[in-house]
Structure formats: structure tokens, C-alpha cells
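Naming convention: chains lettered A, B, ... in sequence-line order (proteins, then strands); numbering from 1 in each chain.
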Amino acid sequence: MLPAEHRLRHRDDFTVALKQGARAGTRRLVLHWAATDRAHPTRVGFVVSKAVGGSVVRHRTQRRLRHLTADRLPGLPADGGLLVVRALPAAGSATSADLAADVDRGLRRLGLTGRG
RNA sequence: CGAGUCGGCCGGGCGGCCGCGUCGGCCGGGCCUGCUCGCAGGGCCGGCCGCCGAGGAAAGUCCGGACUCCACAGGGCAGGGUGGUGGGUAACGCCCACCCGGGGUGACCCGCGGGACAGUGCCACAGAGAGAAGACCGCCUCCCCGAGCGAUCGGGGCGGCAAGGGUGAAACGGUGGUGCAAGAGACCACCAGCGCACCGGGUGACCGGUGCGGCUCGGCAAACCCCACCCGGAGCAAGACCAGACAGGCAGCGUUCGAGGGCGGCCCGCCCGAGCUGCCGGGUAGGUCGCUGGAGGCGUGCGGCAACGCACGUCCUAGAGGGAUGGUCGCCGCCGCUCCCCGGAGCGGGCACAGGAUCCGGCUUACAGGCCGGCUCGUCCA
């Protein structure tokens, strides 16, 4: 799991990131980013709908995304924000390398690569 | 050896590295409590090490229980469920054995298997008639008309009949005889079937036998219904506790002449009872427990046809909370494709169905590939 302080847990937070945040789409993913003024570490959540696949496929996809995102967590802005990684149907049949490339591409478009 | 049938089991294996989660240990930091004042205990954060870490269906959420709360879990109605018999079990709609009916040469398989003389209802199409039913074709006596010498034939009518034909999933017994104008359980014999009595076997469903009776009145209960038995309700987001935040106001009903409540409905009984309801305003996303050791797995022995039970020994095997299993590499097994020196090489996100969420017992559904065993039939050999 992600450390508790980095977990996005409440439905309202998801809504804010999805509806009000900046968006960057790739073939397999859509990343949503909403900067907040709260003094709270950056929180990350995942959305993997049934369109991606069955229960096994959905869980595997979310695990891959969580590990990929956890590796990149130190590079994200430290002053707080909400990041939601949403999986598109193509994510279910993608390789881990493909997903990693899409995560990096999405973060770059949102201007989140590298601390600072 | 071939064909078949039933049952049990596995469901990729081994290893390296990085990462994740529970638990345990060690080290460091800071916090709280206690006192004999430098030690003990508790929990928090970080690092390192070690153990363990999804399934046979974890699934569908269809039954049954454990557990929790509703004071107790009471009666009746309504409602729901089950439905051959006996047993197993905590319990079941599950399992085992047997009975009955049907299928198969057989092993074996299939059956939502109580009641249709308690009542009501339905039986499409076809058909005259679908139930105290019915007469279309048909068969027959008699009467009338016509033809013929006549036997007889044709047409019509009052009646009788239900054997033969025809319809249908189904038409109220079957075969042979007596009988008759023609016929018919009208009567007789045997058989089938129904009912009753007795005898024998079985715990029982039921089976076998003997005698008698009236000769016989279909099907559907997954139509209503009747009978027997079972079911109080809600569910781990149950529920218990800790910490913390806030702000109340107005209206209605009520405090022994009692509001309201007792978690699906109604009535009764019993119990709790000083608050309850509506509107406006305000607050709330924290933590701990429940939470995994159990009707538990495995082995041996005993009882039982079996399901299963008992005794002894032995083992400990996930516990999250937006939810831990991901990535990568090597070797092997199986599969597919390509290549050729016919045995290897190369390629491949190939290797099913599928991911725990309180826990068990079942059922049902999905499933690549594979292993083991019992039994039956056929063929061949001894």
C-alpha cells in the first residue's frame, strides 16, 4: 500500500481532482491533478472501472499503477495536491513497461516531473 | 486392447534480485506513566534482519448455521419454505442408504416422488363428445316409398346400440366366450387395475401371498387449494469501547387519563417508558476491539453398507480498510508457430477459470491441461 499520508481516501477528494483538476490523457491512462492550498502531503488515488476488465485484471492493473506511482512519489511537488490515475480500457491488456511510459508521459504533460 | 460408466485428486515447479503487507527480533530517535531518580513498563516514528502472505471454485450470493444487537423470543392470523422412507449433521433445500416409477445387455443413470372420492377450476388444435361426457361415419329391429318373380337392393322415418372407423397427448379396461335384431361387464373365465380384509417379511417407505367386492370414475396440485413439518427480525457498514467537535431555536403530542418504542405486516399478551416527532441552524471523514485456533487440517485405530461418529497422536496455515501478492531474470515441464542436418534450435506477456474481507457447512456456475482408482460390456490369449 501507499503510506497512509499519501493515500487518497475520500470520495469528495476524487470528485475535486476529476472535475476541477488539470488533465493529461494517454492511450491507456488519464491523469488528473489538482493543486491544493492545504498543508498536507500529496495524495494519490486510482480509478479502474469495469471497462478495463474483470476483477483479476482490474486488481492487477491497479497494483501496477500503485507501484509505478509510488516509485515516482518523491519527484512530485511536496507542497500538496491531489493526483488521480484513471485507467482506460486499453490499460487492462498493456504491459508494465507501457504503463510506466504512460505514467511518465502524463506527469510530464502536467508539469510534475522533478521536484520543484 | 477397445468402448463405456462412476468416483477421488492436482491445477505449473525450483531459485535470484527490487518493491508491498501482518507478525516477531535488534538498533536509533523522541513521547507518556511509575517510583527507590536511573531504571522499569507502554505505545509512536525511522532503519535493518527473519517467518509467513489468496482459491478449488476465494465467484454467484441460492440455502443452512455460529456470532452480535433488538428485555424474553410468547400465542394466533397472514406470509414464506420443505415434500417417498430411514439415517447423518450444529443445521439445511445438503449428504448417505433404501423404496417406487422410467431408461440401458450391463456398470449405472434420470425423477419439483404427499393428496385429484374436501372443494373450486383448467384440458389449446382437432373432434359428435374432454367427465356422472358423447353419436359424425357406422351397425340393427320395425314402419313407409320405389325396383325385382324372389333372395335382396336403393331412399326416407320413429327408435335401439357403442362392437368397428375417424379426431386427439388423452375417449373409461384387455383377450376369449355366452348372449342379442344389432350390441354392450348385460353375464362368465383369465389377466391388468382399484378398494377392503387376513397371513408373512421389513424400524419404515414398501414387498410377497390368499380371499372377497362392485365390474372400472382420465390428466393437471410448477392452477387455487388441502395435509404434515419448519421459519421472530435485522445483519460484522452486526455490535462494543475510547478520543474529539458543536449551539441551539421554534412548533406539535405527552409524563399513571401515559406520547413513543420493543427493526417486514395485523391482532392479543408481555415489557420498557420520559421523552418523541417535524422544520431551521450547527457539528461530524480519528482510533482500538470484534478479527481470525476452527462444528479446523493430517495420520492411525475402532464402530457403521455408507454419509458419519468416537478415541489417540500430530500440525498452526492471510487478516487489509480506496483495500497487502507487483516488477524483473534464469532453469525445467506442457502447448502453438517457424526452421532445418529429423533430432534439435529459435520465437511467444502462450499455460485455463479466476483475487480473500466475520467465520464455517453445502449447492450452483466457470475451467487449459493432467494424475489415480473401482466397476461394466466386447474381443483375444492362458
Does A:R60 make a side-chain donor-acceptor contact with the base of B:G327, cut-off 3.5 Å? no
Sort out the partner of B:A197 for me: Watson-Crick or G-U wobble, both distances under 3.5 Å, none otherwise. B:U210
Can you tell me how far P of B:G326 sits from CZ of A:R72, to the nearest Å? 18 Å
Determine the interatomic distance between P on B:A306 and the same-named atom on B:C96; round to the nearest Å. 14 Å
Which base, if any, makes a Watson-Crick or G-U wobble pair with B:G278, both distances under 3.5 Å? B:C250
B:C149: pairing nucleotide in any strand, Watson-Crick or G-U under 3.5 angstrom: none
A:K50 atom NZ is separated from B:A59 atom P, nearest whole Å, by 14 Å
Hey, is A:R72 close enough to A:D104 for a salt bridge, meaning N to O under 4.0 Å? yes
Using the P atoms only, state how far B:A238 lies from B:C268, rounded to an integer number of Å. 34 Å
Winner on side-chain proximity to A:R66, out of B:G356, B:U325, B:G322, is B:U325
What distance do A:R27 atom CZ and A:R105 atom CZ have between them, rounded to the nearest 0.5 Å? 9.5 Å
B:A274 and B:U256: how far apart are their P atoms, nearest whole angstrom? 11 Å
If we take the P atom in both B:A352 and B:G13, what is their distance in whole Å? 12 Å
For A:A17 and A:A34 the tightest heavy-atom approach is CA-CB, 4.1 Å
Between B:G80 and B:G265, how far is it from one C1' atom to the other, in whole Å? 13 Å
Taking only N and O in the side chain of A:H67, is any of them less than 4.0 Å away from OP1 or OP2 of B:C18? no
Enter syn or anti for the glycosidic conformation of B:A259, syn applying to angles within 90° of 0. anti
Which whole number of Å gives the distance between the C1' atom of B:C144 and that of B:G159? 15 Å
Please report the distance, rounded to the nearest Å, between CG in A:L73 and P in B:C20. 12 Å
Applying the 3.5 Å cut-off to both distances, the Watson-Crick or G-U partner of B:A40 turns out to be B:U33
Please classify the glycosidic conformation of B:U317 as syn (within 90° of 0) or anti (everything else). syn
Measure from the side-chain heavy atoms of A:R63 and tell me the nearest of B:G321, B:A324, B:G327. B:A324
Taking all atoms of both residues into account, what is the closest heavy-atom pair of A:A90 and A:R28, and its distance? CB-CG, 4.0 Å
What integer distance in Å separates A:H10:NE2 from B:G321:P? 14 Å
Whole angstrom is fine here: how far is it from CG in A:D13 over to P in B:G322? 12 Å
Suppose we define a pair by two distances each less than 3.5 Å, Watson-Crick or G-U wobble; what does B:C161 pair with here? B:G138
Distance, rounded to the nearest Å, where A:L65 contributes CG and B:C20 contributes P: 17 Å
Are any of A:R64's side-chain N or O atoms less than 4.0 Å away from OP1 or OP2 of B:G326? no
Checking all strands, does A:D71 fall into the base, sugar-phosphate, or nothing category for heavy-atom contacts under 4.0 angstrom? nothing
To the nearest angstrom, how far is A:R7 atom CZ from B:C20 atom P? 13 Å
Which whole number of Å gives the distance between the C1' atom of B:C308 and that of B:A295? 13 Å
Both distances under 3.5 Å, Watson-Crick or G-U wobble: report the partner of B:C125, or none. none
Inter-nucleotide P distance (B:A57, B:G297), Å rounded: 14 Å
Could you tell me whether the side chain of A:V44 reaches within less than 4.5 Å of the side chain of A:H6, counting heavy atoms only? no
Kindly give the heavy-atom pair with the smallest separation between A:T26 and A:L88, and that separation in Å. O-CD1, 3.5 Å
Mind telling me whether B:G56 is syn or anti, cutoff 90° either side of 0? syn
Does A:L83 reach the side chain of A:L107, with side-chain heavy atoms less than 4.5 Å apart? yes
Of A:G54 and A:P3, the one whose closest nucleotide on RNA chain B sits nearer the 5' end is A:P3
Starting at atom CG of A:L2, determine the distance to atom P of B:G19, rounded to an integer number of angstrom. 16 Å
Are side-chain heavy atoms of A:L68 and A:V85 found at a separation under 4.5 Å? no
With both distances under 3.5 Å as the test, what is the Watson-Crick or G-U wobble partner of B:A59? B:U364
Residue met sooner reading RNA chain B from 5', once A:A97 and A:G92 are mapped to nucleotides: A:A97
Presence of A:R9 side-chain N/O under 4.0 Å of B:G323 phosphate oxygens OP1/OP2: no
Would you mind pulling out the nucleotide paired to B:A223, Watson-Crick or G-U wobble, both distances under 3.5 Å? B:U120
